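Below is one structure, written out as structure tokens; comments come after it.
Note that the structure is a prediction, hence the values are computed from the model and not measured. We number each residue from 1, following the sequence as shown.
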Amino acid sequence: LDSSDKPHIAHLDSTSLTVRYVTCASAVGTCVATGATAFTAESAGSAGSTSTVVTTRPSIQVTSSDVKYISWYGAGEKALYLGTKTGSGAWSSEYIEEQSTQWPFPSSAGAYGVLLLNSSSLPVIFYRSFENWLKYFSREAQ
């Protein structure tokens, strides 16, 4: 829930192989009372391109200036993704870390990620690296 009590939800749609962003323009109580028609949904990014579609739970943060961030792990690419949406624009997504082609063992690089915001309202993600270490990614102010 944001500061206006509006819900922001990220979830895996295993049918379309996408991470979906769902929200409602009203406070959560009104949304729930209205039902499913009060919510809008859109694709935030790909969750995989193979028959192996495994993602750890997507993690979402919304800044006070309405920038939305979603992080997720996609097993198809063995990668940690970060999706970003500013205002009413489209979602953009990027790899934060993916399994190295030099790594000879199966890996879950990016799995178990937790997305937070730093003091500049930019994304910080703690996650499992392909070497099975705890790592973090932090976007810093320019």
Sorted by chain and number, sequence neighbours left out, side-chain hydrogen bond (donor to acceptor under 3.5 Å, both in side chains) with Thr15 holds for none
So, using side-chain hydrogen bond (donor to acceptor under 3.5 Å, both in side chains) as the criterion, who are the partners of Asp2 when residues are at least two apart?
His8
Keeping Gln61 on the side-chain end and Pro123 on the backbone end, is there a donor-acceptor pair under 3.5 Å?
no
Worked check of side chain to side chain contact (heavy atoms under 4.5 Å, CB included) between Tyr81 and Tyr73
CA-CA 6 Å; Tyr81 292 87; Tyr73 165 74; over 6 Å; no
Non-neighbouring partners of Ser120 that pass side-chain contact (heavy atoms from CB on, under 4.5 Å), sequence neighbours left out:
Asn118, Leu122, Ala141
Once rounded to the nearest 0.5 Å, what's the spacing between atom OH of Tyr69 and atom OG1 of Thr84?
5.5 Å
Partners of Asp5 by salt bridge (Lys or Arg N to Asp or Glu O under 4.0 Å), sequence neighbours excluded?
none
Scan residues 22-35 for pairs that pass salt bridge (Lys or Arg N to Asp or Glu O under 4.0 Å), counting only residues two or more places apart or in two chains.
none
With sequence neighbours excluded, tell me which residues meet side-chain hydrogen bond (donor to acceptor under 3.5 Å, both in side chains) with Ser138.
Glu140
Between the side chain of Ser93 and the main-chain N/O of Gly83, is any donor-acceptor distance below 3.5 Å?
no
Please tell me whether Tyr127 and Phe137 form a close aromatic pair, meaning their ring centres lie under 6.0 Å apart.
no
May I have the step-by-step check of side chain to side chain contact (heavy atoms under 4.5 Å, CB included) for Lys68 and Tyr21, ending in yes or no?
CA-CA 9 Å; Lys68 295 142 191 101; Tyr21 168 71; 3.1 Å; yes
Summary of salt bridge (Lys or Arg N to Asp or Glu O under 4.0 Å) pairs that have at least one residue in residues 20-38, sequence neighbours excluded:
none
So which residues get pulled into Phe126's cluster when ILVMFWY side chains under 4.5 Å apart are joined, directly or through others?
Val114, Leu116, Val124, Leu134, Tyr136
Approximate separation, where rounding is to 0.5 Å, of Leu80 CG and Trp72 CH2
9.0 Å
Would you give the length of the straight line joining atom OG of Ser71 to atom CD1 of Ile125, rounded to the nearest 0.5 angstrom?
4.5 Å
In chain order, what residues pass the side-chain hydrogen bond (donor to acceptor under 3.5 Å, both in side chains) check against Arg139, with sequence neighbours excluded?
Glu94
List the atom pairs, with distances to 0.1 Å, where a side-chain N or O of residues 23-42 and a protein N or O form a donor-acceptor pair under 3.5 Å, not counting sequence neighbours.
residue, atom, partner, partner atom, Å
Thr23, OG1, Pro7, O, 2.8
Thr34, OG1, Thr30, O, 2.8
Glu42, OE1, Lys85, NZ, 3.1
Glu42, OE2, Lys85, NZ, 2.6
Glu42, OE2, Trp91, NE1, 2.8

Qualifying salt bridge (Lys or Arg N to Asp or Glu O under 4.0 Å) pairs with a residue from residues 21-41, counting only residues at least two apart or across chains:
none
State yes or no: do Val22 and Ile70 share one hydrophobic cluster built from I, L, V, M, F, W and Y residues joined by side-chain heavy-atom distances below 4.5 Å, directly or via other members?
no
Are any non-hydrogen side-chain atoms of Thr63 and Leu117 less than 4.5 angstrom apart?
yes
